[in-house]
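Model, not experiment: these values are computed from the prediction. Side chains included, hydrogens not; waters and symmetry mates left out as well; all remaining heavy atoms used.
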Amino acid sequence: MTKDNLTAVLHGIEDMRLEQRPIPDISADEVLVAMDSVGICGSDVHYLTKGRIGHFVVTKPMVIGHESAGVVAKVGSKVKNLVVGDRIAIEPGVPCYKCDHCKQGSYNLCPDMAFCATPPYDGNLTRYYKHVADFCFKLPDHVTMEEGALLEPLSVGVHACNRAGVGLGSKVLILGAGPIGLVTLLVAQSMGATKILITDLVQQRLDIAKELGATHTLLMKPGDTAEDVADRVHQVMGVEPDQSIDCCGAESTTRLAIFATRSGGVVVIVGMGPSEMKLPLFNALAREVDIRGVFRYCNDYSAALALVASGRVNIKRLVTHHFDITETAKAFETARFGTGGAIKVMIHVQPRNSNNPVKF
Ligand code: NAD
Ligand code: ZN
């Protein structure tokens, strides 16, 4: 086997380097994965530019990347679910399996979760990466490696819509038409929502949301007050939304989500904003609007894969830019500045489409 294990390593703020790392040895329950596609997430960019997200701080070199798919190159002696050559999507967080949260099934809340590219754990923008086989999902031949990588953000959308209780005939407000707002839109549609209004500050993002099936869009301006926009939301939708899903994390959008939601409805907060905010809690309590958090996903990868494999959800449109791993710096610059209307930037560790048996 080759010894080339070119890897994108974040050494500190604005200091990402491509360097050779040893190919990892695997243990009995792990597989070695020849990485194929790795999407850039806002959090990857945040670690590059700020060196931290909340209390997760980059204090030593960390391999970046966690939205990923690859091909199994080696299997551990106890691995039963995969064989060499399987094309897989990688669920990037491996919990402890022992704590109360893990035992109760809410493993996304495990305090000992080892999550790719969340300090101190390495990510997988690298040629060879090892992962616990339990958290690898075999892709059918017709699902591309890029779609496999996109199951990560899509799973956030699945979890958010489940937490919100989106269902048949739901009227849903989504704040923010970035990758997370757009996957949430796709999932809400597939769960039977009949009216979906999505907001953003950028018209181009709203145009894509419309293309993906949003029934209504609303362009916000930075100075808009939440109370005023709530009225506009009701006018445009013709109803008060049952669920509002904040995929921005700005104080103004979380405030809007609360004001706009119908009494007895649900607000879900996905966007990671400032650690403290001024919110209209009296308004929420007096109208019994439930406010729920979302942390990544939990048992959602299978549903995300089924949505893509069945054709129910088409996530391909989200990928606007492609780069080779050797062009990682340029890829991050594109994601960071949204160059050329970038939504999702995909990095190819192997030539694009080389591991897709069904050609498109
Ligand atoms: P993004 O920055 O690409 O998208 C955010 C969008 O919101 C942008 O299009 C922006 O123009 C828009 N926006 C900003 N302020 C606005 C406002 N006042 N009104 C309307 N729109 C506004 O980010 P993303 O990758 O789509 O992620 C969205 C958020 O979700 C981020 O905060 C990210 O950290 C968070 N996130 C949370 C989880 C979780 O587990 N809770 C997982 C993934 C991402
Ligand atoms: Zn645990």
Query - More than 12 heavy atoms of other groups within 6.0 Å of Glu276 CD - result: no
Report summary line: Residue pairs passing the side-chain hydrogen bond (donor to acceptor under 3.5 Å, both in side chains) test with at least one member in residues 51-63, sequence neighbours excluded, are none
Report task. Output every pair passing ring pair (Phe, Tyr, Trp, His ring centres under 6.0 Å) with a member in residues 258-309, not counting sequence neighbours, ordered by first then second residue. Result -> Phe137-Tyr301, Tyr297-Tyr301
**Report entry** Side chains of Asp246 and Thr253, donor plus acceptor under 3.5 Å
**Finding:** yes
Query raised in the report: Among all residues two or more places apart in sequence or in another chain, which pass the salt bridge (charged side-chain N to carboxylate O under 4.0 Å, His left out) test with Asp29?
Result: none
Query raised in the report: Is Lys316 paired with Glu147 through a side-chain N to carboxylate O contact shorter than 4.0 Å?
Result: yes
**Report entry** For Tyr107, all residues meeting ring pair (Phe, Tyr, Trp, His ring centres under 6.0 Å), sequence neighbours excluded
**Finding:** Phe135
Query raised in the report: Cut-off 3.5 Å, side chains only: do Asp4 and Thr2 have a donor facing an acceptor?
Result: no
**Report entry** Glu327 and His322 side chains, donor-acceptor separation under 3.5 Å
**Finding:** no
Query - Distance-only donor-acceptor check, side chains Thr261 and Ser244, under 3.5 Å - result: yes
**Report entry** Close side-chain approach of Leu256 to Met220, heavy-atom, < 4.5 Å
**Finding:** yes
Query raised in the report: Got Leu18 and Thr7 here, is their nearest side-chain heavy-atom distance under 4.5 Å?
Result: no
Query raised in the report: Is the number of heavy atoms from other residues, nucleotides or ligands within 6.0 Å of CD (Glu288) greater than 12?
Result: no
**Report entry** Leu48 and Ile13, any side-chain heavy atoms less than 4.5 Å apart
**Finding:** no
Report summary line: In short, ring pair (Phe, Tyr, Trp, His ring centres under 6.0 Å) pairs touching residues 59-82 with sequence neighbours left out are His66-Phe115
Report summary line: Residues joined to Val267 in its hydrophobic cluster, side chain to side chain under 4.5 Å directly or through other members, sorted by chain and number, are Ile258, Ile269, Met277, Leu279, Leu281, Val289, Ile291
